[in-house]
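Shown next, in structure tokens, is the structure this report addresses.
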There are 2 protein chains.
Amino acid sequence: MTDTARDIADRTPPQRYGSRPTMKDVAARAGVGLKTVSRVVNGEPGVTPDTEHRVQEAITALGFRRNDSARILRKGRTASVGLVLEDLADPFYGPLSRAVEEVARAHGALLINGSSAEDPVREQELVLALCARRVDGLVVIPAGDDHRYLAPEMAAGVATVFVDRPAGRIDADAVLSDSFGGARDAVSHLIAHGHRRIGFLGDQPGIHTAAERLRGYHAAMAAAGLPVHDGWLSLGPTDPERVRGAAAAMLDAAEPVTALFAGNNRVTVTVVRVLAERPAPAAPVALVGFDDFELADLLSPGITVVAQDSAQLGGTAAGLLFRRLDGAGGAPRRVVLPTRLITRGSGELSPPPLS
Amino acid sequence: MTDTARDIADRTPPQRYGSRPTMKDVAARAGVGLKTVSRVVNGEPGVTPDTEHRVQEAITALGFRRNDSARILRKGRTASVGLVLEDLADPFYGPLSRAVEEVARAHGALLINGSSAEDPVREQELVLALCARRVDGLVVIPAGDDHRYLAPEMAAGVATVFVDRPAGRIDADAVLSDSFGGARDAVSHLIAHGHRRIGFLGDQPGIHTAAERLRGYHAAMAAAGLPVHDGWLSLGPTDPERVRGAAAAMLDAAEPVTALFAGNNRVTVTVVRVLAERPAPAAPVALVGFDDFELADLLSPGITVVAQDSAQLGGTAAGLLFRRLDGAGGAPRRVVLPTRLITRGSGELSPPPLS
DNA sequence: CCTGCCGCTGACAACGTTGTCCAGCAGCTA
DNA sequence: TAGCTGCTGGACAACGTTGTCAGCGGCAGG
């Protein structure tokens, strides 16, 4: 073997495609023991500078990278948390997810996330898959209303915090927005501006926030002594088709609503579209939406909304999660974050004079 | 020991808080061998219905869940892919991330993602952390411009696809939008409507897409034989403060621009705000933005944009990734997806008559 | 010169799972 | 009844890492 050939053989990592060098390989190349490599990799004390140098050299030469799967198996902690939400593409969840990620990062953890697509079965699959990966903790925006399947996991030490909606049939930490209060404020605002016939376009009634917002709507109407007609309520999927139809029905009724309260950001946007497409009525229809959204202030009129800070929701939940992981005990907590009515014009439009 | 006591002892999982039952525990309880439990858990054939039933019972009684860390260690595949992007909270990346997730899900893989916050160091940390977890593949929206650090990982079999921007100093698959063509079309559109002094507000020039869009701008101007003044170009961070200042400078110059081309969605939104806040000029300033955004059509005027489908970008990249994971070989591919000019009014405004 | 200690190093087991391989057993044929 | 086949079940090693512990050399103190 020529010098050159030996040189190359020396430098070429003895790995097949797809198999990586291990600490054993590094140890062999550096002429040291396995544990010494481990010590160097983890910055543990008790290694001569000379030895450390030889090991470092072998590491870079072989392109070694510690296998965290093995490490996790050995140590029992994965330094990762799971986030299950409805749809990452929804602008409401992006900031929430990012906030959770930032907190996780501050604690040296990675974030694994999945979208449930509002399907309870898929939610459960995802959650259990994450548990099988032994995530240290879970942040869940539930799609289903029965989370008893999580009991064994939580008993085994998987910290879990629910966000936006509480857990079903199980006692667990939860961080929520004040849906009831926010909705009540929104509807009261419309009433204060003279509206009497107010429609509510909301999400499926099985969803906790939708139910709470409906409750807030009823509370505000009742407080003002106003009746509520069946035709003013429409709860269901928030796809544009259904919402368009429901809005049209309310606006085209014999006694049409003069104001609309939209139950979440997707609904609000659809309603804005519907109102923009219809021929301008004598008196414009007022609108308040739940959830703020970008550019709401630049439409004309600006859209009055009940704002909830999704990033704060996520950050609070993640903070609570890591406090639990750090050993904080005590009964499950329920944190309710306030909402804020932001008036921009669309909620202040006056109804037509009483006939 | 009474019967009742034994009964309870029998049923109570022998686990401390935080430690979970293993297949060994299940096997002991069911009175079978370890491997038999493994067979049942994985649905492998060769187990009597009776035995299987006993095992299943032990599993539910103990709350056993397979430890995927150990499984991964043994099998070598993690069934997970990593996604590194700039900021999950940006509406451009939400759909992209979701699209990647859907493809991963279709292949039975989980998605682990992280935000680089446009910081090359953080990008590298994230990517390497994901590699240490032995993700099967990576989808990367690069923040840095040197990805040689990925070479050993890719050589070791980590499939990697870059999205939105190509890899730096390394040869790798990439899925891009036609930034150059889109920008050229946008600026040509403004020129076709009579504009001669057109400003470009873009992202930092180090970012590939920003450079390409700038190139497109220059190409369109050159094709029309128009000069470009230094004051019409502003590339830098896309925080609202800087963009506001830059836009104001262009609009307040001695010879102000009559049209603006905004380099991405964040810039566009800021520019819309700036234009809305300024006293209406004699002739309104025209605007075309890169990236479509929700409600662009409902502003008045509607905002003309160069649309790129971020979901398609993500889906295409993920598809390519899994094709690689399924063994597709060949040289690194570069896929360029077309953009689409959507005219809505803001780009069709006429410039003031020539003085 | 011996003892004891300290700093460094490496051998070994363990984490929980899966792949390999072999043993046991029932049912069949010769 | 012996031998063969086919099926079920289990013992064992291995994946790559980390924690435990013991060995080895040198050095200071007795």
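So you know, we letter chains A, B, ... as the sequences are listed, proteins then strands, and number each from 1.
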Please check if atom CG in B:D119 has more than 12 non-hydrogen atoms from other residues, nucleotides or ligands closer than 6.0 Å. yes

Taking atom C1' of D:dG19 as reference, at what distance in whole Å does atom CZ of A:R77 sit? 18 Å

Report the distance from atom CG of A:L73 to atom P of C:dA13, rounded to the nearest whole Å. 17 Å

Is B:R39 touching bases, backbone alone, or none of the nucleic acid, heavy atoms closer than 4.0 Å? base

Atom-pair distance (CD on B:E44; P on C:dG19), nearest Å: 6 Å

Of D:dT18, C:dT17, D:dG16, the nucleotide closest to the side chain of A:A70 is D:dG16

What is the distance from CZ of A:R133 to P of C:dG16, rounded to the nearest Å? 18 Å

Strictly distance-based, threshold 3.5 Å: is any side-chain N or O of B:S38 a donor or acceptor partner for the main-chain N or O of B:L34? no

So what does A:N42 touch, heavy atoms closer than 4.0 Å: a base, only the sugar-phosphate, or nothing? sugar-phosphate

Quick one: does any side-chain atom of A:S116 pair with a main-chain N or O of A:R122 as donor and acceptor, under 3.5 Å? no

Mind checking if B:V41 touches a base, just sugar-phosphate, or nothing, with heavy atoms under 4.0 Å? nothing

N/O (side chain, B:T36) to phosphate O (OP1/OP2, D:dG10) under 4.0 Å: yes

Salt-bridged, B:R324 to B:D326, with N to O below 4.0 Å? no

Between C1' of D:dG16 and CD1 of A:I72, the distance in whole Å: 12 Å

Do you know which two heavy atoms are closest between A:H208 and A:L176, and how far apart they sit? CE1-CD1, 4.4 Å

Length of the line joining B:L34:CG and C:dC15:P, which is rounded to integer Å: 12 Å

No-hydrogen, no-angle side-chain donor-acceptor test under 3.5 Å, A:H147 and A:Q124: no

Using a cut-off of under 3.5 Å, enumerate the N/O to N/O pairs linking the protein to nucleotides 5-8 of chain C.
unit_1, atom_1, unit_2, atom_2, d
C:dC8, O3', A:T48, OG1, 2.9

For A:D146, look at atom CG and say whether over 12 heavy atoms of other residues, nucleotides or ligands are found less than 6.0 Å away. yes

Quick one: B:N67 CG to C:dA14 C1', roughly how many Å, whole number? 14 Å

With a 4.0 Å limit, can you tell me whether B:K35 has a side-chain N or O closer than that to the phosphate oxygens OP1/OP2 of D:dT8? no

Output the rounded distance in Å from CD1 (B:I59) to P (C:dG16). 16 Å

